Q: 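Provided herewith is a single structure, encoded as structure tokens, for subsequent inquiry.
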Amino acid sequence: MTVRVRFAPSPTGVLHIGSVRTALFNWLFARHNNGEFCLRIEDTDKLRSTEENTQLIFKILEWLKIDWDGDPVIQSSRIERHKEVAHELVRQGKAYYCYCSPEELAIKKEECLKKGQPYKYDGKCRNLKEPLPEINPVIRLKASTIGDTSINDLVQGKVTVHNSQMDDLVLLRSDGTPTYMLSVVVDDHDMGITHVIRGDDHLTNTFRQIQIFEACSWKVPVFGHIPLIYGSDGAKLSKRHGAASAIDYMRLGYLPEAISNYLLRLGWSHGDEEIISREDAIKWFNFANVGKSPSRFDIAKLQNLNGHYIRERSNESLLEYMLPFFNFELTDRDKSRILKGMDGLKARAKTIVELVKSAMVYVQAPTSYDEKCKKYQTELHKSLLKDVANKLETGEFSCEEETLCNQVRFYADSKGVKLVEIAQAMRSALCGCLTSPSVFEIISILGVEETIKRFKKF
RNA sequence: GUCUCCUUAGUCUAGCGGUCUAGGACCUCGCCCUCUCACGGCGGUAACACGGGUUCAAAUCCCGUAGGAGACGCCA
């Protein structure tokens, strides 16, 4: 049997980073087993689903190189099929029309709550013989209430729930539209899904869904419920924690390979391996090593990984990746300067946004100076800068990084000042801040003319 | 409240009864490198939730307790 999995996000909001991990695990499991990874857009909540969110799902998956097999299934296009299944179940006596009004049920629910009892639909309409006029009924499944249902979850192991916990869930709403529970089961069956891998917030739903599978006499797939991702405070990861959606991380300048590596290691491990290539991830991924306990999202570790992957990328590919982050068009001269200085820049950046910011040195003279630069604007520093500028202009000082470094070092000695004094003054003039790659490297890339211009401006 | 699940350092985790004076990574701290900041190198602090069992032996198995999470919709 070939493995066939699905990722089924709902476009009612921007794709959550936790969903991305679910997609990744599904994808890795499929690729590891030479199986298929399908995509299904669960857009049955028409009010809240948007085309924009749907497009975003495609965009993020493509960005992360999580490719899907076949065309995505749009769940809303399958509503007629879902309805048909519900009506068929009624014909077979496995489901029934229920005429209870939402108000009526709300009252019953409240009563239960008062008594401290768990609420379950009481099955009032289960054995109704005649339809009630002038009321649009819902269709409910006749759930089995005796015995228990067990699953052998890929992650959670054997989990058993007593059927007495279950009630007759709604399959079709009073307006005739199918519920999520029904749609998922019908689609998973029709798509030939063999393994349902999803967040463990669905674990308890699983038992109700199994009852639908069984009512239809369909084969129940294998389930794997992976723990959710929480924020640093242990609460569900949300905007409150900074960024919860995948697109945020993309905009913040995180590389797709860093995101995948981070997400993979969150809740899964392969011994002491930390840096894991796609190839190895496919080779090694399994559910035996997926942890059962929820994990917290740690931005510092993501940043560390991102820095690693920035350093690992070629200078050319980094430049290309950076281009959209500039809010203007770079000239060829800008590009060539950045490329030359990239080694020095990428060792310092944790995100592409930081990299772009630091690369501005090679694009334009500082427009303002940090408060800390003031320390290097004394008369002494000015005269030192003037000297260096003159020596550069006359050609006494070389424009080659190493030679210049030695020459300035020698000059500093002769003046009886520390190299750091001159270097920091130069850095202030060149970058407008006290943090940058080697000033000698910057000068060698910028050239004499631009260097002197910035010295004078400072 | 009911049901289900979880519990190794601040965080992610290794560990599947003896090899654990508990390993790795991030964070943090110190040192080295050094024109700044990084990168890199070296080193340090820091954990088996608690209480009972089982066993010659328990982080590892069992039972409680505590804490945490999720699910209990005509949302998905």
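Here is how names work: the chains are called A, B, and so on, in the same order as the sequence lines, proteins then strands, and each is numbered from 1. Keep in mind that what you see is a predicted model, and the values were worked out from it rather than measured.
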Q: Counting only Watson-Crick or G-U wobble pairs whose two distances fall under 3.5 Å, which nucleotide matches B:U54?
A: none
Q: Going by the angle between their ring planes, with limits at 30° and 60°, are A:Tyr99 and A:Tyr97 parallel, tilted or perpendicular?
A: tilted
Q: Sequence neighbours excluded, which residues qualify as side-chain hydrogen bond (donor to acceptor under 3.5 Å, both in side chains) partners of A:Arg126?
A: A:Asp168
Q: Only pairs at least two apart or in different chains count here, so list each salt bridge (charged side-chain N to carboxylate O under 4.0 Å, His left out) that has a residue in residues 198-209 of chain A.
A: A:Asp167-A:Arg208
Q: Just verifying a value: how many Å separate A:Phe25 CZ and A:Asn286 CG, rounded to the nearest 0.5 Å?
A: 10.5 Å
Q: At a heavy-atom distance below 4.0 Å, what parts of residues 406-427 of chain A sit against RNA chain B?
A: A:Arg409, A:Leu419, A:Val420, A:Ala423, A:Gln424, A:Arg427
Q: Provide, to the nearest angstrom, the distance between the CD atom belonging to A:Gln209 and the C1' atom belonging to B:A71.
A: 12 Å
Q: Side chain to side chain donor-acceptor pair (under 3.5 Å): which pairs involve residues 7-24 of chain A, sequence neighbours left out?
A: A:Ser10-A:Thr12
Q: Could you pull out all residues at least two apart from A:Glu104 that satisfy side-chain hydrogen bond (donor to acceptor under 3.5 Å, both in side chains)?
A: A:Lys124
Q: Counting any heavy atom closer than 4.0 Å, what does A:Cys431 reach on the DNA or RNA strands: base, sugar-phosphate only, or nothing?
A: nothing
Q: What do you reckon, is CD of A:Glu312 surrounded by more than 12 foreign heavy atoms closer than 6.0 Å?
A: yes
Q: Can you list the residues that meet the side-chain hydrogen bond (donor to acceptor under 3.5 Å, both in side chains) rule with A:Glu401, with sequence neighbours excluded?
A: none
Q: Answer yes or no on whether A:Arg140 is positioned over the face of A:Tyr121, meaning its NZ or CZ is under 6.0 Å from the six-membered ring centre and within 45° of the axis.
A: yes
Q: To the nearest 0.5 angstrom, please state how far the CD1 atom of A:Ile79 sits from the CD atom of A:Glu84.
A: 13.5 Å
Q: In the strands shown, is B:U36 matched to any nucleotide by a Watson-Crick or G-U wobble pair with both distances under 3.5 Å, and which?
A: none
Q: Which nucleotide, if any, forms a Watson-Crick or G-U wobble pair with B:U2, using both distances under 3.5 Å?
A: B:A71
Q: Which pairs, with at least one residue in residues 252-265 of chain A and sequence neighbours excluded, count as a salt bridge (charged side-chain N to carboxylate O under 4.0 Å, His left out)?
A: A:Glu257-A:Arg313, A:Arg265-A:Glu274
Q: Provide the Watson-Crick or G-U wobble partner of B:A14, both distances under 3.5 Å; none if there is no partner.
A: none
Q: Give a yes or no answer on whether the side chain of A:Tyr180 reaches the backbone of A:Thr44 with a donor-acceptor pair at less than 3.5 Å.
A: no
Q: Report each atom pair, protein N/O against N/O of nucleotides 29-31 of chain B, whose distance is under 3.5 angstrom.
A:
none

Q: Heavy-atom distance under 4.5 Å between the side chains of A:His195 and A:Leu154, does that happen here?
A: yes
Q: Taking side chain as C-beta onward, heavy atoms only, is A:Val186 less than 4.5 Å from A:Arg81?
A: yes
Q: Name the pairing partner of B:U7, where a pair is Watson-Crick or G-U wobble with both distances under 3.5 Å, or state none.
A: B:A66
Q: Output, in order, the C-alpha distance, side-chain angles, deciding distance and verdict of salt bridge (charged side-chain N to carboxylate O under 4.0 Å, His left out) for A:Glu80 and A:Lys83.
A: CA-CA 5 Å; A:Glu80 289 312 311; A:Lys83 287 181 184 173; 3.4 Å; yes
Q: According to the Watson-Crick and G-U wobble definitions, with both distances under 3.5 Å, which nucleotide is paired to B:U21?
A: none
Q: What is the nucleic acid contact for A:Thr44, judged by heavy atoms within less than 4.0 Å: base, sugar-phosphate only, or nothing?
A: sugar-phosphate
Q: Write out all pairs satisfying salt bridge (charged side-chain N to carboxylate O under 4.0 Å, His left out) with one or both partners inside residues 404-419 of chain A, taking only residues at least two apart or from two chains.
A: A:Asp387-A:Lys415
Q: With heavy atoms under 4.0 Å as the rule, sort A:His202 into base, sugar-phosphate or nothing.
A: base
Q: Checking all strands, does A:Asp167 fall into the base, sugar-phosphate, or nothing category for heavy-atom contacts under 4.0 angstrom?
A: nothing
Q: Base, sugar-phosphate, or nothing for A:Lys109, non-hydrogen atoms under 4.0 angstrom?
A: sugar-phosphate
Q: Nucleotides 44-46 of chain B: which of its N/O atoms have a protein N/O under 3.5 Å away?
A:
none

Q: Rounding to a whole Å, what distance do you find between A:Ile226:CD1 and B:A69:C1'?
A: 15 Å
Q: If you measure from CG on A:Leu228 to NE2 on A:His225, what distance do you get to the nearest 0.5 Å?
A: 11.0 Å
Q: Under a 3.5 Å limit for both distances, which nucleotide forms a Watson-Crick or G-U wobble pair with B:C31, could you say?
A: B:G41
Q: Could you write nucleotides 3-17 of chain B as a row of B, S and -, 5' to 3', where a protein heavy atom under 4.0 Å of any base atom gives B, of only sugar-phosphate atoms gives S, and otherwise -?
A: SSSSS---SBSS---
Q: Taking the six-membered ring for Trp, are A:Tyr249 and A:Phe297 parallel (under 30°), tilted (30 to 60°) or perpendicular (over 60°)?
A: tilted
Q: Between C1' on B:A38 and NZ on A:Lys346, what's the gap in Å once rounded to a whole number?
A: 14 Å
Q: If only side-chain N and O atoms of A:Asn304 are considered, is one of them under 4.0 Å from the OP1 or OP2 phosphate oxygen of B:A25?
A: no
Q: For RNA chain B, which residues in residues 434-441 of chain A have a heavy atom at a distance below 4.0 Å?
A: A:Leu434, A:Thr435, A:Ser436, A:Pro437, A:Ser438, A:Val439, A:Phe440
Q: Over how many whole Å does the gap from A:Met181 atom CE to B:C74 atom P extend?
A: 10 Å
Q: Looking at the base of B:C39, is there any donor atom on it, or on the side chain of A:Arg348, that sits under 3.5 Å from an acceptor on the other one?
A: no
Q: NA contact type, A:Lys120, heavy-atom cut-off 4.0 Å: base, sugar-phosphate, or nothing?
A: nothing
